[in-house]
Amino acid sequence: MVRETRLSPTDFIYPLFVCEGSNVRTPISSMPGVFNLSIDNLVEECGQVLALGVPSVILFGIPGAKDARGSDAYAQQGIVQRAIRAVKKAHPSLVVMADVCLCEYTDHGHCGLLDDHGHVQNDASLPLLAQMATTCAEAGADVIAPSDMMDGRVAAIRQALDAKGLHETPILSYAAKYSSAFYGPFREAAQSAPKSGDRKGYQMDPGNLREALKEVEQDLAEGADLVMVKPALAYLDVIRAVKERTNVPVAAYNVSGEYSMLKAAAQNGWIDHDRAMMEMLTSIKRAGADLILTYFAKDAAKLLG
Ligand code: PBG
């Protein structure tokens, strides 16, 4: 009766990976319970998510072919654009978010274009990210979620959406995204590890909190409607600080490494999976998250009933 923080399935956004083919359900070895799904299986999975009371999914596309410019990311018939159309057609009430980033689509695995020296070209990447956003929104995505961390991308995306008459499509910016070891398992799932170098040039240093507030401020000034802190568990103080300084919904991404650590420990019988999961999710909400992106969404929704 006196509990201050209560979880609900409506807090969750479930991340899903969509790949080419039909009837594909390939397990991700580093993420027990997570799969690469072809569009047909994705549509079915989304039905289960909705039935559990989880209102939203975020989609990550895994293209059949990658190239230097990440062409499939912003093609009208790209994997994620086709997936969005199919899911929205089958489940119109599901809130479908599109992750906007090039790293799953580029052969070099970076989130933006590279120059001849292998350096990320921030400004040259913006039109491609904006085009990915508009093609996803035109396909029916309800929310555009840029995760690339290029400077100025929220403004570029907002402008591009407005120019296409997509004024009402909100932007959830991965505003404070740290350069984190906890993304390791995701990069297996999305086959998106950088082939050379790392993401420290565009993602944030784990030691910085004030920089997170600056990133959030900039993204809001550029037109973000919701902001995200990522990862969640090692950054609960950042979630709290962002929550105290903004009036927009704050999302937190309970990332792949946070998920896999618990799954591995539970598989070894070292920890009580369900109790630890609920404790983790509760801590993220208690820190101030209004929305939690989590691979635990289905597990937790089942327990919440
Ligand atoms: C793409 C992206 C990443 C994640 C979400 N979007 C990976 C990265 O930045 O390398 C990570 C999610 C997770 O670990 O669960 N830029």
Side-chain angles (χ1 to χ4, degrees), residues 12-18 28-36 57-63 66 70 72-74 79-80 97-106 108-114 120 122 125 128-129 132-133 136 141 143-151 153-154 157 171-206 215 227-235 251-264 280-281 284 289 291-298:
F12 304 140
I13 299 164
Y14 190 48
L16 286 164
F17 300 97
V18 60
I28 314 299
S29 61
S30 57
M31 298 180 75
V34 177
F35 302 85
N36 281 349
V57 298
I58 183 162
L59 300 183
F60 296 92
I62 300 156
K66 306 190 186 216
D72 196 82
Y74 40 86
I79 179 67
V80 80
M97 303 197 178
D99 180 271
V100 166
C101 189
L102 298 185
C103 67
E104 299 116 72
Y105 304 88
T106 51
H108 46 73
H110 276 286
C111 303
L113 292 177
L114 297 185
V120 171
N122 188 97
S125 305
L128 304 185
L129 294 163
M132 181 174 185
C136 288
V143 178
I144 296 300
S147 69
D148 52 283
M149 285 297 274
M150 298 300 126
D151 290 332
R153 93 273 207 211
V154 174
I157 288 171
I171 297 174
L172 162 58
S173 86
Y174 287 64
K177 177 173 176 180
Y178 287 86
S179 177
S180 172
F182 290 99
Y183 307 152
F186 173 96
R187 292 181 187 172
E188 185 202 327
Q191 296 145 31
S192 66
K195 295 273 185 309
S196 64
D198 53 43
R199 302 209 206 291
K200 289 180 185 163
Y202 39 105
Q203 299 182 350
M204 287 177 36
D205 187 316
E215 291 280 358
V227 292
M228 191 196 302
V229 174
K230 176 184 170 190
L233 291 174
Y235 299 88
Y253 202 139
N254 178 214
V255 298
S256 56
E258 300 172 338
Y259 174 84
S260 299
M261 280 196 304
L262 175 51
K263 289 288 174 189
M280 281 178 171
L281 294 170
I284 297 168
L291 300 165
I292 305 172
L293 296 91
T294 180
Y295 305 95
F296 290 120
K298 283 170 65 190

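Both counts, for ligands and for their atoms, begin at 1 and track the order of listing. This chain uses plain numbering: 1 for the first residue, then up along the sequence. Predicted, not measured: the structure shown is a model, and the values here were computed from it.
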S.K.: Looking only at N/O atoms, are Q203 and ligand 1 under 3.5 Å apart anywhere?
M.R.: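 Yes, there is a polar N/O contact under 3.5 Å.
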S.K.: side-chain contact (heavy atoms from CB on, under 4.5 Å), that's the test. Do Y259 and M280 meet it? Break it down for me.
M.R.: CA-CA 10 Å; Y259 174 84; M280 281 178 171; over 6 Å; no
S.K.: Distance under 6.0 Å and angle within 45° of the ring axis: does K177 meet both against Y253?
M.R.: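 No, K177 and Y253 do not form such a contact.
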S.K.: Would you say E258 touches ligand 1, if touching means a heavy atom closer than 4.0 Å?
M.R.: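 No; E258 lies far enough from ligand 1 that no heavy-atom distance drops under 4.0 Å.
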S.K.: Specify side chain, backbone, both or neither for Y253, according to which of its non-hydrogen atoms lie closer than 4.0 Å to ligand 1.
M.R.: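 Answer for Y253: side chain.
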S.K.: Considering only the protein, which heavy-atom contact is closest to atom 12 (C) of ligand 1, and what is its distance?
M.R.: F186 CD1, 3.3 Å
S.K.: Heavy-atom contact check, 4.0 Å cutoff: does K230 meet ligand 1?
M.R.: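 Per 4.0 Å heavy-atom rule, K230 contacts ligand 1.
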S.K.: With heavy-atom distances below 4.0 Å as the criterion, list the atoms of ligand 1 near D99.
M.R.: 6 (N)
S.K.: Between I28 and F186, is any pair of side-chain heavy atoms under 4.5 Å apart?
M.R.: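 No. Closest side-chain heavy atoms not under 4.5 Å.
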S.K.: Is there a side-chain contact (heavy atoms from CB on, under 4.5 Å) between I79 and I62? Walk through the geometry before answering.
M.R.: CA-CA 7 Å; I79 179 67; I62 300 156; 5.8 Å; no
S.K.: For R153 and P146, indicate whether the former's side chain and the latter's backbone hold a donor-acceptor pair under 3.5 Å.
M.R.: yes
S.K.: Please determine whether side-chain contact (heavy atoms from CB on, under 4.5 Å) holds for the pair R199 and H110, giving the CA-CA distance in whole Å, both sets of side-chain angles, and the decisive distance to 0.1 Å.
M.R.: CA-CA 7 Å; R199 302 209 206 291; H110 276 286; 4.3 Å; yes
S.K.: Any side-chain donor-acceptor pair under 3.5 Å between S180 and Q203?
M.R.: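 No, no side-chain donor-acceptor pair sits under 3.5 Å.
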S.K.: Taking 4.0 Å as the limit for heavy-atom contacts, which would you say applies to S256 with ligand 1: side chain only, backbone only, both, or neither?
M.R.: both
S.K.: What pairs with K66 under side-chain contact (heavy atoms from CB on, under 4.5 Å), at least two apart in sequence or on another chain?
M.R.: P63, D107, Q191
S.K.: For K177, counting its heavy atoms only, list the atoms of ligand 1 lying under 4.0 Å from any of them.
M.R.: 1 (C), 2 (C), 3 (C), 6 (N), 8 (C), 9 (O), 16 (N)
S.K.: Hey, which atoms in ligand 1 end up nearer than 4.0 Å to a heavy atom of C101?
M.R.: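 Taking each heavy atom of C101 in turn, ligand 1 has 1 (C), 16 (N) under 4.0 Å.
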S.K.: Just do the side-chain hydrogen bond (donor to acceptor under 3.5 Å, both in side chains) check on Y174 and D99 with the steps written out, would you?
M.R.: CA-CA 9 Å; Y174 287 64; D99 180 271; 2.6 Å; yes
S.K.: Residue-level breakdown please: for S147 versus ligand 1, do any non-hydrogen atoms fall below 4.0 Å on the side chain, on the backbone, on both, or on neither?
M.R.: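 Near ligand 1, S147 shows its backbone as well as its side chain.
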S.K.: Can you list the ligand 1 atoms lying under 4.0 Å from a non-hydrogen atom of C103?
M.R.: 1 (C), 16 (N)
S.K.: Just to check, does Y295 reach to within less than 4.0 Å of ligand 1 when the distance is taken from its heavy atoms?
M.R.: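 So Y295 counts as touching ligand 1.
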S.K.: For ligand 1, which atoms sit closer than 4.0 Å to a heavy atom of F60?
M.R.: 5 (C), 6 (N)
